[in-house]
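Just so you know, these numbers use all the heavy atoms, side chains as well, and skip hydrogens, waters and symmetry mates. Numbers restart at 1 for each chain; the letters A, B, ... are given by sequence-line order, proteins then strands.
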Protein chains: 2
Amino acid sequence: MLIVEDDAAIRELLTLHFEQAGFRTAAAADGRSALQWLAELLPDAVVVDWMLPDQSGLALVGRLRRDARTRALPIVMLTARASEEDKVRGLEEGADDYVTKPFSPRELVARVRAVIRRRRPEADPRPVEFGGLHLIPEVRQASYGGRSTTLGPTEFRLLHFLVTHPERVWERSTLLDRVWGDHVFIEERTVDVHIRRLRLALTAIGAEGFVQTVRGVGYRLAAPQGDDRSLPQEAAAIG
Amino acid sequence: MLIVEDDAAIRELLTLHFEQAGFRTAAAADGRSALQWLAELLPDAVVVDWMLPDQSGLALVGRLRRDARTRALPIVMLTARASEEDKVRGLEEGADDYVTKPFSPRELVARVRAVIRRRRPEADPRPVEFGGLHLIPEVRQASYGGRSTTLGPTEFRLLHFLVTHPERVWERSTLLDRVWGDHVFIEERTVDVHIRRLRLALTAIGAEGFVQTVRGVGYRLAAPQGDDRSLPQEAAAIG
DNA sequence: CGATTCCGTGACGATTTGATGACACACTCT
DNA sequence: AGAGTGTGTCATCAAATCGTCACGGAATCG
């Protein structure tokens, strides 16, 4: 989740709420930093303020839509103007939804969730990879070291989400929201079952140990065995 | 748990189910009684029917959101209308989730649980460090000089607290409050046991001497070098 | 030095949590 | 209709974790 907003107070407010909602969040104060950040990573969605110091948020949205790499990014615009005209221009430029100030952070989070849900991962046909584990959405296939297998729709979505969001732990409830959809009613334990089916399928192609359990919390995807490997950059250099 | 629902039959049905699910439950037939009740107590969450006799449930939700005291209350709306518009209006007004009739009581309970869970602030996922001792909350892992180990939930919380509040002594009762939670009834000596388990885990990765005992007071985290092995007392050179 | 307080330690039972296998239901394809 | 898939739920088993306790050593004090 990338937040592009020049007002520091609002930026922090949003960061707080999105992190509480289970999103990993980054923030940029202007369009340029946003683009820089996006050059490195692709977030699940972008929240863009209409008014930005260097470049209007609208222009940023247009630019993101013209770049093939960022074209599929869900975008929610944040605007003080409630006029119909602005809404139309925002949506024309390519925003998926918009929220007018003053807004409740809760509503924004809900809208972002909805926007992400509409753009389901399986809709993205690009192959993804993590640690030698390759996913090909078009055929719902996972391959590892030459061997490959076809997964069921749910298992594939689950694995796809994990591969595109690796290393960190996901609570069952969050997985239900992000993989199944945020308005489904399913027992949390069901996640366990699908994790197991996923593990079985992965084991069958020799990709064992990727899906890891964090007791009392949830699951995560990570390289097998990697226990004492390098730490996240933050912890790497402290002195 | 507060249920605001005008239909007596549904009200009792819901009360029954929520109590069976372990919630202490109160019910109100209209917005006014609900507000009266809320003036006295704050529940874990509120379930509000969309249609209420005196005042629409939507208005009640808006009112709860505008009052600072009730602003943080998780709210689940109950509605017969399944239209997208109603959903949006409900979310805009500040509901956290909604369930459309006909609904299964089990689903409602599950959603309320989920909403309460989301409200619960997540633990800070950022890695922390002290004296070469690194903590990675996402995997509940502690590492020291290349070696790492996974801690149990309680041990990790305990160590996390100590690492983020090092160098000072903590009484057992304070640790119980800050690590276990404010209103837990647990023997103070239990802290000793967890300290021991923590020490064992740390020793296993070579991080010995971090957790120090201050006799008659409690425990503290400090760098192993200047420990009490060489110095008779904690007489620091601060003068 | 003896009495007393305080802490470390090992063990144990109870509870919580995850893994697993079985099963029922909905859907699709033949 | 019948077979086959995919999915969600449940009961059960196994493992992890937790809180207590009792014992004994260590520190403290008179």
query = Can you name the ring pair (Phe, Tyr, Trp, His ring centres under 6.0 Å) partners of B/Tyr219, sequence neighbours left out?
reply =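 None.
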
Nucleotide [N], atom [atom2] - distance to [atom1] of [X] in whole Å:
X        : N      : atom1 : atom2 : value
A/Arg157 : D/dG8  : CZ    : C1'   : 13 Å
B/Glu188 : C/dC6  : CD    : C1'   : 12 Å
A/Ile195 : C/dG18 : CD1   : P     : 11 Å
B/Trp170 : C/dC7  : CH2   : P     : 18 Å
A/Leu198 : C/dA19 : CG    : P     : 12 Å
A/Leu158 : D/dT7  : CG    : C1'   : 13 Å
B/Glu187 : C/dC7  : CD    : P     : 14 Å
A/Arg220 : C/dG18 : CZ    : P     : 16 Å

Is [X] close enough to [N] that one of its side-chain N or O atoms is under 4.0 Å from OP1 or OP2 there?
X        : N      : result
A/Thr154 : D/dG6  : no
B/Trp180 : D/dG19 : yes
B/His194 : D/dG19 : yes
B/Arg172 : C/dC7  : yes

request  = With heavy atoms under 4.0 Å as the rule, sort B/Thr190 into base, sugar-phosphate or nothing.
outcome  = base

query = What is the nucleic acid contact for B/Tyr219, judged by heavy atoms within less than 4.0 Å: base, sugar-phosphate only, or nothing?
reply = sugar-phosphate

inquiry  = Pair A/Arg172, A/Asp192 - check salt bridge (Lys or Arg N to Asp or Glu O under 4.0 Å), show working.
reply    = CA-CA 8 Å; A/Arg172 292 179 176 74; A/Asp192 299 24; 2.6 Å; yes

inquiry  = Of the listed nucleotides (D/dT7, C/dC7, D/dT17), which one gets closest to any side-chain atom of B/Arg140?
reply    =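 For B/Arg140, the side-chain atoms sit closest to D/dT17.
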
request  = Verify, without hydrogens or angle tests, whether A/Thr190 (side chain) and A/Ile186 (backbone) share a donor-acceptor contact under 3.5 angstrom.
outcome  =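 Absent.
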
inquiry  = To the closest 0.5 Å, what do you measure between CD1 (A/Ile3) and CG (A/Leu14)?
reply    = 5.0 Å

key: Gap separating the CZ atom of A/Phe210 from the CG atom of A/Leu159, nearest 0.5 angstrom   =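 The distance works out to 9.5 Å.
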
task = Determine, step by step, whether A/Thr213 and A/Arg199 satisfy the side-chain hydrogen bond (donor to acceptor under 3.5 Å, both in side chains) criterion, reporting the C-alpha distance in whole Å, the side-chain angles of both residues, the deciding distance to 0.1 Å, and the verdict.
result = CA-CA 11 Å; A/Thr213 304; A/Arg199 278 172 173 162; 2.6 Å; yes

task = Assign a letter to each nucleotide of nucleotides 9-16 of chain C from its 5' end: B, base within under 4.0 Å of a protein heavy atom; S, sugar-phosphate only; -, no contact.
result = BBB----B

I'd like a table of donor-acceptor pairs (distance under 3.5 Å, sequence neighbours excluded) in which one partner is a side-chain atom from residues 160-171 of chain B, with atom names and distances.
from, atom 1, to, atom 2, distance (Å)
B/Thr164, OG1, B/His160, O, 2.7
B/Thr164, OG1, B/Phe161, O, 3.0
B/His165, ND1, B/Phe161, O, 2.9
B/Trp170, NE1, B/His165, O, 3.1
B/Trp170, NE1, B/Arg168, O, 3.4

